[in-house]
Enquirer: 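Handing you this structure, nothing more for now.
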Amino acid sequence: MICIKVPVKEAQNIKKELLENDLIDKDYFLKKDKDFVYFPVKKSFPSKHDFVRKILKKKKERAGLKTTLTKKLKKEDLEFLRRSMDVIGDIAILEIPRELEKKKKLIAQEVLNANKYIKTVLKKGKHEGVFRTQKLEHLAGEKTKEAIYKENNVQLKLDVEKVYFSPRLSNDRKRIAKLINKGEEILVMFSGCAPYVCVIAKNTNAKNVCGVEINPTAHNYALQNVLLNKLNNTGVFLGDVKSVVPKLAKKYDRILMPLPKNATEFLDVALNASKKGTIIHLYDFKREDELKESIEQIKQACAKAKKKCKILDTVRCGQHAPRTFRYCIEFQIL
Ligand SMILES: C[S@@+](CC[C@H](N)C(=O)[O-])C[C@H]1O[C@@H](n2cnc3c(N)ncnc32)[C@H](O)[C@@H]1O
């Protein structure tokens with residue numbers, strides 16, 4: 001395996017650079033001795049450091065669902081099976097297509113057998129209602145719906161049925177955290193069990209991060225997660241943002257609106273809590289050709305609130321349905 005040989009003292013910085021440029025071969029473990037770290041790389045490149053050949057241990061591949069089931073299901077059944085599953089702590093949530101309903105328990109048992117770290121397998125439901133929660137059917141393993149999930153240097157405890165949570169948004173949480181400047185005061189509307197609140201509070205120099213959530217169970221976990229992550233620059237509040245945010249009577253540097261189904265209905269509340277320079281991140285499910293509608297709604301809400309705004313960016317941060325994406329529309333109050 002080709003490796004870049006880096007003095008131990010420089011290893012952290014070099015690792016960051018290698019990751020940023022997608023040069024590390026993540027299929028292998030690195031090697032270390034007293035003086036040097038050997039990072040496996042995909043190719044050599046111009047560098048002041050030497051490249052050497054080393055025998056490295058290969059990481060075990062995490063079995064994809066299709067790979068696990070190839071021997072157990074017919075080829076046509078496999079066609080119906082979605083490639084991925086969501087894993088939250090030691091709970092796996094599987095999307096079972098109608099055509100495989102009769103084989104759901106067999107599939108779930110195979111997932112359990114193939115992945116030592118999974119203790120419970122549940123069948124995915126549909127996000128519904130104001131709380132955006134989903135009914136999850138138990139298929140195999142321990143009968144629990146509570147998990148502790150780790151991402152972006154935080155731990156999040158939650159009941160996966162009673163609280164909305166998506167591990168697929170961890171990259172978006174990281175992206176938002178990277179945008180934050182020292183001393184910012186941040187409002188996270190629709191904060192759930194506090195994933196955005198905790199990731200931002202833990203990984204940035206924000207002055208304060210405040211979350212507002214209407215689901216009492218999610219709020220309860222948010223309180224626990226703030227404690228679990230030993231955060232002291234946060235506040236989480238229970239209630240409807242329409243009544244809680246005006247009572248907080250504050251103006252924020254940044255406001256997050258992660259309620260893609262109908263966040264635009266709360267633009268008046270966000271604008272009242274904004275000041276000159278505030279950046280608002282509004283999430284919306286849209287097809288690419290419909291994005292201009294959300295931008296128009298933002299402009300109209302700003303005009304109504306007698307505020308000027310500038311659209312900074314539209315970021316595609318997930319897929320909702322075929323050709324429909326989760327967009328984050330970012331705009332600044334001028
Ligand atoms: C899509 S989830 C996002 C939760 C969390 N931010 C996350 O990323 O995991 C939207 C959340 O908004 C909450 N919610 C819906 N309407 C609300 C309102 N009017 N006021 C406060 N929270 C609300 C729901 O209960 C749900 O937890």
Side-chain angles (χ1 to χ4, degrees), residues 86-89 91 93 124-136 147-152 154-177 186-203 209-226 228-229 234-248 252 254-270 272-273 280-286 315 317-321 324-328:
D86 276 345
V87 178
I88 303 180
I91 297 180
I93 301 175
K124 192 173 166 54
K126 211 174 146 224
H127 289 110
E128 283 170 333
V130 173
F131 296 170
R132 311 304 304 144
T133 47
Q134 51 175 330
K135 189 103 200 82
L136 295 164
I148 295 189
Y149 166 84
K150 291 182 190 160
E151 70 157 56
N152 296 314
V154 303
Q155 296 188 61
L156 299 163
K157 188 173 165 193
L158 69 139
D159 181 309
V160 291
E161 186 171 62
K162 293 186 182 143
V163 173
Y164 173 94
F165 179 75
S166 174
R168 295 180 192 209
L169 296 176
S170 70
N171 275 338
D172 189 59
R173 292 187 269 269
K174 190 183 200 173
R175 177 185 74 84
I176 295 280
I186 300 163
L187 169 65
V188 181
M189 290 178 158
F190 325 112
S191 46
C193 63
Y196 280 96
V197 171
C198 292
V199 170
I200 294 170
K202 191 81 178 180
N203 295 289
V209 194
C210 156
V212 181
E213 168 57 45
I214 202 169
N215 173 355
T217 311
H219 171 69
N220 205 292
Y221 279 111
L223 291 169
Q224 293 183 54
N225 290 331
V226 165
L228 195 62
N229 292 290
T234 56
V236 286
F237 300 88
L238 172 63
D240 187 332
V241 297
K242 286 206 189 250
S243 53
V244 176
V245 174
K247 279 189 208 138
L248 294 173
Y252 298 88
R254 193 178 295 270
I255 300 173
L256 271 60
M257 304 180 74
L259 183 64
K261 199 118 182 92
N262 56 333
T264 48
E265 290 169 21
F266 299 84
L267 270 167
D268 56 339
V269 184
N272 273 332
I280 301 183
H281 303 258
L282 178 133
Y283 291 76
D284 209 351
F285 291 138
K286 281 278 181 279
V315 183
C317 47
Q319 184 145 21
H320 176 55
T324 307
F325 301 94
R326 174 194 301 271
Y327 281 101
C328 181

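Both counts, for ligands and for their atoms, begin at 1 and track the order of listing. The figures that follow rest on heavy atoms only: side chains count, while hydrogens, waters and symmetry mates do not. Everything quoted here is computed from the prediction, not taken from an experiment.
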Enquirer: Polar pairs, ligand 1 vs protein, N/O only, below 3.5 Å.
Expert:
| from | atom 1 | to | atom 2 | distance (Å) |
| --- | --- | --- | --- | --- |
| ligand 1 | 6 (N) | Phe190 | O | 2.8 |
| ligand 1 | 19 (N) | Asp240 | OD1 | 2.9 |
| ligand 1 | 20 (N) | Val241 | N | 3.0 |
| ligand 1 | 22 (N) | Ile214 | N | 3.2 |
| ligand 1 | 25 (O) | Glu213 | OE2 | 2.6 |
| ligand 1 | 27 (O) | Glu213 | OE1 | 2.8 |
| ligand 1 | 27 (O) | Glu213 | OE2 | 3.1 |

Enquirer: Keeping Gln134 on the side-chain end and His127 on the backbone end, is there a donor-acceptor pair under 3.5 Å?
Expert: no
Enquirer: Of all residues at least two apart in sequence or in a different chain, which pass the salt bridge (Lys or Arg N to Asp or Glu O under 4.0 Å) check with Arg173?
Expert: Glu151
Enquirer: Name all residues meeting the ring pair (Phe, Tyr, Trp, His ring centres under 6.0 Å) criterion together with Phe190; count only those two or more places apart in sequence or in a different chain, and write none if there are none.
Expert: Phe266
Enquirer: Around atom NZ of Lys162, are there more than 12 heavy atoms from other residues, nucleotides or ligands closer than 6.0 Å?
Expert: no
Enquirer: Can a side-chain donor-acceptor contact be found between Asp172 and Tyr283 if the only test is distance below 3.5 angstrom?
Expert: yes
Enquirer: Just jot down the salt bridge (Lys or Arg N to Asp or Glu O under 4.0 Å) partners of Lys135, sequence neighbours excluded, or say none.
Expert: Glu161
